[in-house]
Amino acid sequence: MHESIIKYGRLITTVVATIISIIASILITLIIVNVAGEEINLINMVGSTIAPAVIAPPIVWYIVGLLLKVHQLEKTQRELATYDELTGLMARRAFMANGNNLHNLITRNNSSLSLGYLDIDNFKQINDRYGHEGGDEVLKSFAVCINTNLRKSDLVGRIGGEEFAILMPNIGLKDALDVLNKIRLNLK
């Protein structure tokens, strides 16, 4: 049901839920009237239609709104757990999980996998001299430089304050060193 609400939105979900509640109310009224041995009359039918038509929409609208907010919060939470907010790179936990999956795949296929570890030298001095905003700009620029020099198949993550890791599948040591040197040279 949660997926349906996300797919169809608040208005359609409210209309459908209201129609279902009206139909259910009419059916319950018919069953009660039948069990009681009474005849169906206009008051019973109007009452069983109007009550859910008036009560259901605001309640459903409110509940669907809450469910949509929860969905958005879950999505935001997943993004924060997966990506580093500052650099947009994978966060440590996501990098480790994806890296483990990649390692298993590479091992199964008997392929090569290279790991690059990057650290910004004297980063504390950058923060001390230019403040945290300046340090943040350096981290963002560093992340862009890394990303522009990698293949789509490579994994990169910010694994610490100014520490980054790159997993490069199907690449040998010499080629991996070339990639890391290319990143280093593009930083100047």
Side-chain angles (χ1 to χ4, degrees), residues 1-105 131-144 146-148 150-161 163-167 169:
M1 182 167 179
H2 191 219
E3 292 82 22
S4 296
I5 292 170
I6 303 306
K7 182 178 179 181
Y8 297 112
R10 201 172 190 179
L11 180 61
I12 291 174
T13 302
T14 301
V15 169
V16 169
T18 301
I19 291 169
I20 291 171
S21 68
I22 291 169
I23 292 169
S25 180
I26 290 170
L27 289 174
I28 291 169
T29 301
L30 291 173
I31 291 169
I32 291 172
V33 168
N34 189 30
V35 169
E38 297 177 15
E39 286 194 28
I40 299 171
N41 61 42
L42 185 61
I43 294 173
N44 289 341
M45 295 315 295
V46 169
S48 66
T49 304
I50 291 176
V54 171
I55 295 170
I59 292 172
V60 172
W61 186 265
Y62 179 74
I63 291 171
V64 168
L66 289 176
L67 290 172
L68 290 172
K69 282 182 185 177
V70 167
H71 174 74
Q72 184 59 43
L73 289 171
E74 288 173 344
K75 182 179 173 187
T76 301
Q77 198 70 11
R78 273 191 305 278
E79 288 172 4
L80 289 173
T82 304
Y83 296 101
D84 175 59
E85 189 176 20
L86 181 65
T87 63
L89 300 177
M90 270 190 221
R92 178 187 178 102
R93 183 174 293 160
F95 177 81
M96 299 301 267
N98 285 301
N100 190 42
N101 292 339
L102 180 60
H103 178 263
N104 291 339
L105 179 66
H132 289 290
E133 287 180 6
D136 288 351
E137 289 304 314
V138 169
L139 290 170
K140 289 179 202 176
S141 297
F142 192 66
V144 168
I146 293 171
N147 261 335
T148 57
L150 295 180
R151 304 168 299 169
K152 290 189 187 276
S153 59
D154 297 335
L155 288 179
V156 60
R158 181 176 177 202
I159 57 171
E163 299 165 342
F164 300 82
I166 305 169
L167 280 172

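All residue numbers refer to positions in the sequence shown, counting from 1.
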**Prompt:** What is the distance from atom CG of Asn147 to atom NZ of Lys152, rounded to the nearest 0.5 Å?
**Reply:** 10.0 Å

**Item:** Atom of Leu167, atom of Gly99 and distance for their closest heavy-atom approach
**Value:** CD1-CA, 3.3 Å

**Request:** Please collect all side-chain hydrogen bond (donor to acceptor under 3.5 Å, both in side chains) contacts where either partner lies in residues 84-100, sequence neighbours excluded, each pair once.
**Result:** Asp84-Thr87, Asp84-Arg158

**Complete:** Only residue of Ile26, Ile19, Ile20 satisfying side-chain contact (heavy atoms from CB on, under 4.5 Å) with Ile23 is Ile19

**Asked** Rounded to the nearest 0.5 Å, how far does CG of Asn41 lie from OG1 of Thr29?
**Response** 10.5 Å

**Asked** Can you name the nearest heavy-atom pair linking Ala165 to Ile159, along with the distance?
**Response** CB-CD1, 3.9 Å

**Prompt:** Does atom CG of Leu66 have more than 12 heavy-atom neighbours from other groups under 6.0 Å away?
**Reply:** yes

**Prompt:** If you round to the nearest 0.5 Å, how far is CG of Leu89 from CG of Leu139?
**Reply:** 10.0 Å

**Message:** For Ser21, is there any backbone N or O sitting under 3.5 Å from a side-chain donor or acceptor partner on Ser25?
**Reply:** no

**Request:** For Thr13 and Trp61, run side chain to side chain contact (heavy atoms under 4.5 Å, CB included): C-alpha distance rounded to whole Å, both residues' side-chain angles, the deciding distance at 0.1 Å, then the answer.
**Result:** CA-CA 8 Å; Thr13 302; Trp61 186 265; over 6 Å; no

**Prompt:** In Å and rounded to the nearest 0.5 Å, what is the CG to CG distance from Asp154 to Leu102?
**Reply:** 9.0 Å

**Request:** Would you mind reporting whether Val156 and Met90 have side-chain heavy atoms less than 4.5 Å apart?
**Result:** no

**Asked** CG of Leu30 to OG of Ser48: how many Å apart, nearest 0.5 Å?
**Response** 7.0 Å

**Request:** Kindly compute the distance separating CG (Asp136) from CG (Leu86), expressed to the nearest 0.5 Å.
**Result:** 4.5 Å

**Nearest non-hydrogen partners of Thr18 and Ala56, listed with the distance** = OG1-CB, 4.0 Å

**Request:** Answer yes or no: is there a side-chain heavy-atom contact under 4.5 Å between Thr76 and Gln72?
**Result:** yes

